[in-house]
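Shown next, in structure tokens, is the structure this report addresses.
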Amino acid sequence: MPGFWLMKSEPDEVSIDDLARASRQTVPWTGVRNYQARNFMRDAMALGDGVLFYHSSCAEPGIAGLAEVASTAYPDASQFDPASKYHDPKSKPDAPRWLHVDVKLRRKTRLLSLREMRTLPTLSTMRVLQPGNRLSITPVTPAEWQAVCALLD
DNA sequence: GCCAACGTTGGC
DNA sequence: GCCAACGTTGGC
């Protein structure tokens with residue numbers, strides 16, 4: 001049984017269209033600087049897990065496509081790049097603090113907006129809809145995954 | 001741009 | 001280990 005996840009991306013950084021245009025339609029999920037989110041990638045994600053690709057911090061936040069986990073976790077190179085906004089001077093190459101997985105597009109979908117998601121009882125348990133939620137990566141239950149996929153058909 | 005929620009930092 | 005100050009997230 002694969003796992004399921006919701007992963008937030010700011011479309012100004014990486015949008016669903018950027019993912020579609022990327023080499024092999026795959027991108028490294030760089031820039032996670034939160035331990036809970038990192039631990040999900042390191043400890044709980046598996047190759048082939050389903051990903052709801054979510055656009056955040058934009059005019060129309062919501063789910064913009066379906067993707068999947070395309071690698072196991074490996075060190076995020078941007079933490080060692082002084083020119084990167086994700087640079088972490090406290091992280092050492094022999095003990096990388098930040099990891100990420102690769103994410104590969106399955107298909108772009110219609111935008112299932114946050115506004116619409118909030119109206120649907122079947123989605124009401126989703127972590128991303130809970131008040132105060134800020135985590136950029138959250139687990140999704142099989143039932144929630146099925147409910148979202150049904151809405152995107 | 002506001003601001004509520006939450007994570008991180010660092011003095012003690 | 002507590003907790004106040006500070007920084008970040010992200011919808012609105």
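All values below come from the heavy atoms of this structure, side chains included, with hydrogens, waters and symmetry mates left out. The shown structure was predicted, so the numbers you read here are calculated from the model rather than taken from an experiment.
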| Do S78(A) and D81(A) have side-chain atoms, one donor and one acceptor, less than 3.5 Å apart? | no

| query | Distance from L152(A) atom CG to I63(A) atom CD1, nearest 0.5 Å? | reply | 6.5 Å

| remark: note: L135(A), atom CG; dT8(B), atom C1'; distance rounded to Å ~ 14 Å

| query | Touch check for R118(A), heavy atoms < 4.0 angstrom, all strands: base, sugar-phosphate only, or nothing? | reply | sugar-phosphate

| field | Phosphate-side-chain proximity, K8(A) and dG10(C), N/O vs OP1/OP2 below 4.0 Å | value | yes

| task | Could you check how far CG of L6(A) sits from P of dT9(C), rounded to whole Å? | result | 16 Å

| query | Nearest heavy-atom pair of W5(A) and I137(A): which atoms, and what distance? | reply | CE3-CG2, 4.1 Å

| task | Look at the side chain of K90(A) and decide which nucleotide, out of dG10(C), dG10(B), dG11(C), has an atom nearest to it. | result | dG10(B)

| dT9(B) P sits how many Å from N34(A) CG, rounded? | 11 Å

| task | Establish, yes or no, whether a centroid distance under 6.0 Å links the rings of Y74(A) and W98(A). | result | no

| query | Which nucleotide in the list dG10(C), dT8(B), dC12(C) gets nearest to the side chain of S56(A)? | reply | dG10(C)

| said: Measure CG/L114(A) against C1'/dT9(C) and give the value in whole Å, please. | reply: 14 Å

| field | Interatomic distance, Y35(A) OH vs dG7(C) P [rounded to whole Å] | value | 18 Å

| message | Any side-chain N or O of R134(A) below 4.0 angstrom from OP1/OP2 of dT8(B)? | response | no

| What is the distance, rounded to the nearest whole Å, between atom CD of Q130(A) and atom P of dC6(B)? | 11 Å

| said: Students often get this wrong, so: under 4.0 angstrom with heavy atoms, is Q36(A) touching a base, only sugar-phosphate, or nothing? | reply: sugar-phosphate

| task | Take atom CD1 of I137(A) and atom C1' of dG10(C), then tell me their distance rounded to the nearest Å. | result | 16 Å

| field | Y54(A) side-chain N/O to dG11(C) phosphate OP1/OP2 under 4.0 Å | value | yes

| remark: ring pair (Phe, Tyr, Trp, His ring centres under 6.0 Å) pairs touching residues 103-138 of chain A, sequence neighbours excluded, are none

| message | Whole angstroms only, please: what is the CG-P distance between L111(A) and dG11(C)? | response | 12 Å

